[in-house]
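Values below: all heavy atoms of this structure, side chains included; hydrogens, waters and symmetry mates excluded. Per chain, numbering begins at 1; letters A, B, ... match sequence-line order.
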Amino acid sequence: MDAFFASVTIRDRPELRGRPVLVGGGLRGVVLSATYEARRRGVRSAMPMSRARRLCPDAVVLPAAFDEVEATSAAVMEILRQVTPVVEVVSVDEAFLDVAGALRRFGSTTAVAEHVRARVHDEQRITCSVGIGPTRSVAKLAGRRAKPDGVVRVPPEAVVDFLHPLDVGELWGVGERTRDRLRRLGLRTVADLAHTPLPELRRALGPRAGAHLHALAWGTDSARVGEGPVAGRPAGRSIGAEETFGHDTDDHEVVGRELLRLSATVARRARAAGLAARCVSLKVRYADFTTLTRSRTLADPTDVTATVHATAVALYAALGARRTRVRLVGVRLEGLRPRREVHEQLVLGAREHGWTDADRAADRAVSRFGRDAVGPASLLGTRRP
DNA sequence: TCTGGGGTCCTAGGACCC
DNA sequence: TCTGGGGTCCTAGGACCC
C-alpha cells in the first residue's frame with residue numbers, strides 16, 4: 001500500500017488531497033505515515049514529528065485512524081487471498097503472494113498485479129504498488145521501486161543487473177548498523193557484497209547473517225512465500241505494550257501505575273487469544289535514551305494481570321535507583337503457549353476463586369460495556385501519560 | 001519538543017545436565 | 001595440578017522491519 005496510514009486517514013477528506021499531510025503525533029511522537037507531497041519535502045516515516053514540522057511547516061497533522069486502517073487492511077488481504085491462497089502477510093500494509101498457481105487464470109504476473117491494483121483502487125479508493133520477482137527479496141525491492149501507484153517486474157534473467165547497482169543499505173534486512181559495518185569493510189553496493197568471498201562475509205557478520213546477505217546479493221534467497229523468517233510459524237511469539245511518558249518522570253508511583261496499565265493490557269490480550277506466558281519482560285528507557293530490558297521466567301505460565309504486574313514491578317525494583325529519569329516503560333509477555341495446555345498448579349490452602357476469576361469477570365464486563373467499564377482501582381481518574 | 005509502538009530473530013555467556 | 005563434549009534453558013542486548 002502507498003503511504004497507507006496517510007491514504008486511509010485522508011480518504012474521505014478530498015479537501016486535503018494534494019496537500020502535505022503527516023499522520024502520527026502525540027507530544028513526543030514520530031511520523032507514522034506521510035503523503036507524497038510531504039515526502040517530497042524530505043519527510044520520512046519514523047522521523048520525529050518535531051523535525052517533520054520544521055521541514056514542512058504548512059503540513060496538516062492528523063492522528064491515525066487506526067480502526068479504519070485495520071478494516072482496510074483486512075479488506076485488501078481478502079482481495080489478495082482471492083488471487084491465491086499462498087499469501088504471506090508481512091504487516092498491516094504489505095504481503096507476498098506466490099502467484100505460480102494463478103497464472104493460468106490471469107495469463108501473466110503483470111496481469112495479476114493490475115488486477116489487484118484495480119480492485120484495491122476501486123473498492124478501497126487508495127493506491128498500491130506491486131513488485132514482481134523470482135524471490136521474495138527481489139519482489140520486495142521491485143515493489144519499493146514501483147512506488148507510488150505502479151508495477152515493476154524483475155524477470156529472473158534480470159535479477160543480477162537489477163540488484164548489483166543498488167546500495168547495500170537497500171537490501172531487505174540491512175539496516176543502518178549493518179550498512180555502516182559493510183561500509184567500513186569497503187562494501188558500498190550490492191555488487192561489492194556479491195563479490196566478497198563467503199568466508200570473509202561470515203567472519204565479518206557472523207555465519208548466518210553473512211550467508212544470508214550473500215544469497216540476497218545474488219537474488220538466490222530460497223525461502224518460499226509463507227516460509228520467511230516471520231511467517232510460517234504460529235503467530236504470536238510475544239505480546240507487548242509500551243508507553244513513552246509525556247514527560248520524563250522519577251515518580252515511582254507514576255511508573256508503577258503505568259506498569260499496571262500495561263500489564264493489564266498485555267494480560268487481557270493474552271486471555272483474549274487463549275494464551276499464557278512463561279516469561280515477563282520489562283523494558284525501561286531513561287531520559288538519555290539508554291534502554292534496558294529485564295526478564296523473569298515464571299514457574300508456571302500465566303495470563304493473570306496481577307501476576308504480570310507483580311513480576312514487572314519486581315523487575316523494576318531490582319533496577320535500583322538511577323540518576324536519570326524514566327522516559328518509557330514497557331511490559332512484554334514471552335514464551336506464549338495455549339492456555340488449555342497449561343495445567344494449573346494447585347496450592348494447598350489457596351482460595352477457591354482468585355485473580356483468574358476476577359480477570360475473566362472483568363473481561364466479560366469490558367467486552368459488553370466497553371474499555372472503561374471496569375479496571376484496577378488505582379487507575380481510576382488517571383489519564384494516560 | 002529530537003528520537004513511537006508493535007513485533008521477530010539472532011548472538012553470546014552462564015548455569016545446568018548427562 | 002587438571003579440568004571433554006553435547007545439549008537445553010535463561011537472560012540481556014542488539015539489529016531490523018513496518
Side-chain angles (χ1 to χ4, degrees), chain A residues 1-6 22-34 44-55 61 63-64 66 69-70 73 89-96 136-137 140 143-144 147 169-182 202 205-213 216 223 228-248 262 265-266 269 278-299 315 318-319 327-336 384-385:
Chain A
M1 310 305 299
D2 302 326
F4 189 46
F5 280 69
L22 311 176
V23 169
L27 218 54
R28 312 167 87 172
V30 299
V31 176
L32 248 173
S33 179
R44 294 286 173 268
S45 16
M47 177 182 279
M49 192 56 98
S50 50
R51 209 180 133 209
R53 283 182 202 256
R54 275 200 301 276
L55 283 171
V61 181
F66 284 106
V69 163
E70 201 61 52
S73 171
V89 177
V90 178
S91 70
V92 72
D93 74 336
E94 191 168 350
F96 289 114
R136 298 154 77 248
S137 161
K140 165 84 191 168
R144 210 182 275 162
K147 280 176 177 298
E170 293 203 48
L171 288 178
W172 195 35
V174 177
E176 213 182 316
R177 298 309 177 99
T178 307
R179 182 169 182 250
D180 288 348
R181 280 176 77 175
L182 293 171
R202 298 187 123 156
L205 303 167
R208 230 182 148 108
H212 181 60
L213 285 192
L216 288 188
V230 176
R233 274 155 236 260
R237 303 177 75 72
S238 71
I239 295 173
E242 59 187 60
E243 176 97 6
T244 298
F245 293 110
H247 302 281
D248 301 341
L262 296 169
T265 299
V266 296
R269 286 176 54 201
R278 265 307 298 290
C279 177
V280 176
S281 152
L282 169 80
K283 173 173 171 180
V284 179
R285 174 169 291 154
Y286 293 100
D288 64 0
F289 229 70
T290 55
T291 307
L292 44 80
T293 60
R294 291 290 182 270
S295 61
R296 176 168 301 171
T297 298
L298 308 168
L315 289 167
L319 292 175
R327 177 188 179 90
L328 165 152
V329 286
V331 177
R332 178 168 296 277
L333 302 179
E334 296 167 2
L336 300 175
R384 295 176 53 176

Over all heavy atoms of both residues, which pair between [X] and [Y] is shortest? Give the atoms and the distance, please.
X        : Y        : result
A/Ser281 : A/Glu334 : CB-OE2, 3.8 Å
A/Arg136 : A/Phe96  : O-CE2, 3.3 Å
A/Ala34  : A/Ala6   : C-CB, 4.0 Å

Go through [options] for me and flag the one nearest to the [X] side chain.
X        : options               : result
A/Leu292 : C/dG13, C/dA15, B/dG5 : C/dG13
A/Thr178 : C/dC16, B/dC2, B/dT8  : C/dC16
A/Thr297 : B/dG4, B/dT8, C/dT11  : C/dT11
A/Val30  : C/dC16, C/dT11, B/dG4 : B/dG4
A/Arg144 : C/dC18, C/dT11, B/dT3 : C/dC18

Looking across every strand, which nucleic acid part, if any, lies under 4.0 Å from [X] by heavy atom: base, sugar-phosphate, or nothing?
X        : answer
A/Arg208 : sugar-phosphate
A/Leu171 : sugar-phosphate
A/Lys140 : sugar-phosphate
A/Arg296 : sugar-phosphate
A/Arg54  : nothing
A/Ser50  : base
A/Arg278 : sugar-phosphate
A/Ala46  : base

Worksheet item: Using the P atom in both, what is the distance from B/dC16 to C/dC2, to the nearest Å?
Response: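 Here B/dC16 and C/dC2 have their P atoms 27 Å from each other.
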Worksheet item: When you compare B/dT1 with C/dC17, how far apart are their P atoms, in angstrom units rounded to a whole number?
Response: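 Approximately 33 Å lies between the P atom of B/dT1 and that of C/dC17.
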Fill in: A/Glu170 backbone acceptor or donor facing A/Arg144 side chain under 3.5 Å
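Checked: pair present.
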Discussion item. When both hydrogen-bonding distances must be under 3.5 Å and the geometry is Watson-Crick or G-U wobble, what is B/dG13 paired with, if anything?
Written reply: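 Checking every strand shown, B/dG13 finds its partner in C/dC10, with both distances under 3.5 Å.
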Worksheet entry | 5′-ward residue of the pair A/Arg285/A/Ser238 relative to DNA chain B |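 Counting from the 5' end, the first nearest nucleotide belongs to A/Arg285.
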